[in-house]
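What you see is a predicted model, and the numbers here were worked out from it, not measured in a lab.
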Amino acid sequence: MQTQILVRHGPDLKAFREEILPAGRPVVLKDLVKDWPAVRAGRDSPRALADYLRGFDRGKQVAVLEGPPSIRGHFFYRDDMRGMNFERRPATISATIERLLAQASDPNPAALYIESTPTSEHLPAFAGENVNPLLPPAISPRVWIGNTLVVQTHFDLSSNIACVVGGRRRFTLFPPGQLPNLYVGPIEFNISGPPISMVSLRNPDFARFPRFAEALAASQVAELTPGTRSSFLLGGGITSRRWSRSMCWPTTGGTTRARLAHRSTACCTPSCHCATCRRAARGVAHAVRTLRIHPGDESMAHLPREQRGMLGPPSPERAQAIRAILAPRAIHAIMGSDPICWKTGLTPFMARSAHENYEGPDHEAVSRRDERRTDRDAQRLWCGGGDGSFPPPSGGGGGGGGLPPPSSAPALKTTLAAKYGVVDFPVGAAIEPSSTTNSPDRDILLKHYSSITAENAMKPTPSGPTRPAPGRHFAAATPQLRPGDTLAAFAFNNGMQLRGHTLLWHQTAPTWFFAGDPVNDPVSYRINVQQRLRDYIFAWSSTSQCLRLGRGQRSGQRHAFDANPFRTNSVWYLAYGVGGGDPREYVRDAFLFATQARDSVGKNSSNMKLMLNDYNTELAGKRDNVLRIVQYVMNAATAPTSTASATSSTCSSTPT
Amino acid sequence: VTQITAAFQAVENLSSTLENHVTELDVSIYLDPADCFSARTIPPCMADYGANPPATVATQQATLYRALYNAFDRPSVTSVTSWGIADNHTWLNTFPVNRTNRPLLFDTAGNPKSAFWAVADSSFVIP
């Protein structure tokens with residue numbers, strides 16, 4: 001069942017940055033804020049804490065959510081899902097605190113809370129007296145104040161350090177992999193921005209939401225008292241080498257459940273800054289995509305049809321809903337105060353995460369540069385330039401006759417993301433390394449594309465020219481920057497995804513792979529080839545976000561299809577068949593070894609996908625053969641390491 | 001487009017865990033017969049248009065591109081990659097035969113073509 005969130009006592013800044021942050025897992029940081037004046041006041045009495053907070057109040061109004069006593073602190077949709085069971089009204093912090101105190105002895109109080117509010121605007125001197133030693137001063141705390149209630153499971157868009165100043169608070173956190181088991185509610189219509197789970201934590205309806213039991217079993221909980229703080233850091237991309245073999249926690253699953261025994265409680269979280277936004281926003285994007293894997297109707301069956309919005313099946317209404325989400329105003333609402341992060345921050349982290357395990361010679365320089373980025377730097381770096389803007393509200397352009405002026409062209413990546421309703425939908429181009437510097441290629445790439453593929457630079461022959469030294473995998477052995485590294489660095493520096501292309505392709509296998517004597521010693525020959533396949537794939541795993549297993553097999557003739565779906569003249573096929581072996585196993589091994597390699601760098605199918613890449617899948621005969629191979633790989637993937645292997649098929653359309 | 005949609009569906013039918021990635025997209029300006037790809041000569045491959053292909057080519061290409069990107073609007077399709085950036089560099093200049101081709105969304109100078117506008121702007125009227 002649920003496990004307790006790991007407790008750490010007083011980590012210093014170094015440990016926080018080097019251990020806790022990269023780990024990307026929930027952790028309770030015990031007693032770190034016990035000396036805050038606010039915590040001391042809270043320990044005295046609720047009244048003392050109330051007076052302390054009121055001393056900072058500028059009297060500006062905030063959003064206060066209030067529900068009748070009958071909801072028992074459970075802020076949610078109304079039963080018909082056409083509205084909420086509470087109201088949102090403006091009020092000052094001081095007046096609301098007084099109401100909370102006045103209700104303190106009421107056994108059946110109204111449910112009341114002040115939404116997470118930036119102290120910089122409303123309690124400006126608070127941060128000066130209550131300093132968070134782990135965060136730079138630029139990150140200003142937010143305050144949350146309420147009485148006994150349950151906050152519905154939701155996606156938190158920032159990485160949080162939640163500090164309990166008064167009262168008690170219980171957090172239930174779910175790993176991102178559990179997302180499909182949380183029964184996500186409408187994206188566009190929710191309590192305060194992030195979509196929420198439709199399952200009540202207090203009384204889960206397992207008959208209606210059976211998969212939630214699995215989510216609950218995987219969740220972690222912590223009950224916090226004043227002065228304890230829980231850091232639940234979101235962001236699947238921050239898996240580091242240190243945690244390479246452990247499950248990567250975060251990304252999307254921040255959920256909180258608050259039960260406040262005392263009358264008033266404050267909880268501070270750092271406001272969303274660009275890096276965390278990136279991670280979190282990407283998490284939500286990932287969530288949406290995860291859900292989209294299932295046919296809309298089926299996976300959203302827990303929502304009334306008219307409430308599925310962008311999670312529902314394609315329709316004009318859905319397209320409209322998606323556009324509304326992508327419109328800057330809606331983004332502002334979703335992202336709180338920082339639409340810039342949303343706009344630019346989705347894919348960069350993926351590239352970074354690919355780069356973190358990347359052995360290229362300039363890795364250190366890039367890391368250092370990344371660390372130096374403060375919030376504002378990050379915004380400038382990631383968001384700089386006039387690019388990434390949203391398309392003008394009405395399209396049109398020139399209309400009849402010629403084309404609109406080139407300068408009016410919207411960014412393709414942005415328009416396609418809006419069209420498909422996936423915020424970080426990868427729009428890619430296959431390129432040669434020279435395109436990263438040459439005009440106009442570079443400009444087009446930066447403006448229109450969010451993903452790159454090496455047209456040739458990552459194919460076996462050009463990148464693996466020599467045998468590795470004994471015991472070495474050769475990808476990391478060459479000191480100078482190689483063409484593939486150029487692409488990886490470009491993707492990283494410009495916030496793009498990188499597709500590795502390709503691990504295995506019969507046309508470009510290095511000949512020394514197959515040197516040996518298949519006639520006299522078929523068994524060791526086959527083992528040698530197998531070993532090289534393993535080495536080769538291990539060597540490659542470090543650079544790519546999406547590894548594609550290339551066209552290892554395909555029918556020899558464009559329109560002629562063999563009964564055997566495998567390409568029988570592939571050097572791999574032939575080598576594996578020597579000595580009576582099953583020649584098909586090279587495909588299975590390729591996926592197996594690639595999966596092992598992926599595991600060894602701490603990645604999984606959510607952040608590094610393995611692909612079977614083939615062409616002419618629009619032709620029925622060819623398609624059937626490809627699907628048979630996909631089925632073969634899926635059936636063969638029985639080793640424990642490959643259970644999560646995302647065997648994906650690709651379609652590529654060449655002319656005609 | 002119908003066939004490609006069928007391919008997406010076939011993968012979806014195999015397992016809901018599979019994704020479709022469009023990985024090597026380009027649209028040749030030539031409509032070659034099937035035997036062009038085995039013969040790899042002109043004929044059966046269509047003759048070279050040279051540096052100035054007829055205007056109808058751009059129209060057909062833009063129409064097909066628009067239909068393709070509309071077909072990609074399905075949940076299982078999770079990425080689209082063009083095999084190249086602009087018409088200044090494309091493998092189709094040498095495959096299946098040496099011949100001028102213009103298969104991408106940007107022209108040789110890097111400016112958006114009709115095909116680009118057809119994809120990026122649904123209200124664009126293809127000339």
Side-chain angles (χ1 to χ4, degrees), chain A residues 289 292-296 314 395-397 399-404 406 409-410 412 415-416 419-420 425-432 435 440-441 443-445 451 453 455 499 548 557-559 609 611 613 615 617-620 623 627 630-631 634 646-656, chain B residues 3-4 6-8 10-12 14-32 34 37-38 68-69 72-86 88-89 91-92 103 105-106 109-114 116-117 119-125 127:
Chain A
R289 257 190 320 191
R292 278 168 58 96
I293 289 174
H294 305 287
L403 301 179
L412 190 64
T415 52
L416 289 179
K419 180 180 174 73
Y420 301 143
F425 189 89
V427 179
I431 67 170
E432 296 293 354
S435 291
D441 294 2
D443 305 325
I444 298 174
L445 277 175
S451 168
T453 303
E455 186 175 353
R499 300 179 73 92
R548 289 194 293 170
Q557 299 250 315
R558 191 177 172 86
H559 290 176
K609 292 184 166 52
M611 310 274 163
N613 189 42
Y615 68 94
T617 52
E618 73 276 14
L619 303 174
R623 175 161 75 238
L627 290 174
V630 171
Q631 188 69 61
M634 290 170 77
T647 313
S648 301
S649 177
T650 66
C651 159
S652 100
S653 166
T654 22
T656 72
Chain B
Q3 307 252 51
I4 287 172
F8 292 150
V11 171
E12 290 161 12
L14 198 61
S15 163
S16 66
T17 62
L18 293 175
E19 295 176 19
N20 282 301
H21 289 232
V22 180
T23 54
E24 306 188 14
L25 179 68
D26 44 25
V27 175
S28 170
I29 58 174
Y30 299 97
L31 287 166
D32 291 312
F37 296 92
S38 47
L68 284 169
Y69 275 88
F72 300 155
D73 189 3
R74 52 195 304 124
S76 72
V77 176
T78 54
S79 79
V80 177
T81 286
S82 302
W83 204 247
I85 301 168
N88 59 359
H89 174 81
W91 76 300
L92 290 177
L105 298 177
F106 298 88
N111 291 321
K113 293 160 59 179
S114 274
F116 171 89
W117 290 103
V119 169
D121 182 353
S122 60
S123 65
F124 173 72
V125 180

Step by step, work out the side-chain contact (heavy atoms from CB on, under 4.5 Å) result for A:T415 and B:V119. CA-CA 9 Å; A:T415 52; B:V119 169; over 6 Å; no
List the atom of [X], the atom of [Y], and the distance in Å for their closest heavy-atom pair.
X	Y	result
A:R623	B:Q3	NH1-O, 3.3 Å
B:W117	A:P410	CZ3-CD, 3.7 Å
B:T78	A:F425	C-CE1, 3.7 Å
B:W83	A:A430	CE3-CB, 3.2 Å
A:E618	B:I4	CB-CG1, 3.5 Å

State, with a plain yes or no, whether a side-chain heavy atom of [X] is found less than 4.5 Å away from one of [Y].
X	Y	answer
B:T81	A:V427	no
B:I85	A:S435	yes
A:L403	B:F124	yes
A:L627	B:V11	yes

Name the member of B:G110, B:G84, B:A120, B:P112 that forms the most heavy-atom pairs with chain A at distances under 4.5 Å.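 The option with the most such pairs is B:G84.
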Top contributor to chain A interface from B:S15, B:A6, B:A109 [non-hydrogen pairs under 4.5 Å]: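 Looking at each of B:S15, B:A6, B:A109 in turn, B:A6 comes out on top.
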With a 4.5 angstrom heavy-atom cut-off, which part of B:A10 approaches chain A: side chain, backbone, both or neither?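 Contact with chain A involves both backbone and side-chain atoms of B:A10.
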Contact class of B:I29 relative to chain A, heavy atoms under 4.5 angstrom: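 Neither part.
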Quick check for you: to the nearest 0.5 Å, what is the distance between B:F106 atom CZ and A:L412 atom CG?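 These two atoms lie 6.0 Å from each other.
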Could you tell me the separation between the CZ atom of B:F116 and the CD1 atom of A:I444, rounded to the nearest 0.5 Å?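 Result: 9.5 Å between the selected atoms.
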Would B:W91 and A:E455 satisfy side-chain contact (heavy atoms from CB on, under 4.5 Å), going step by step from the backbone distance to the final call? CA-CA 10 Å; B:W91 76 300; A:E455 186 175 353; 4.3 Å; yes
Counterpart residues, ring pair (Phe, Tyr, Trp, His ring centres under 6.0 Å), relative to B:Y69 (two or more places apart):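 For B:Y69, the residues satisfying ring pair (Phe, Tyr, Trp, His ring centres under 6.0 Å) (neighbours in sequence not counted) are B:F72.
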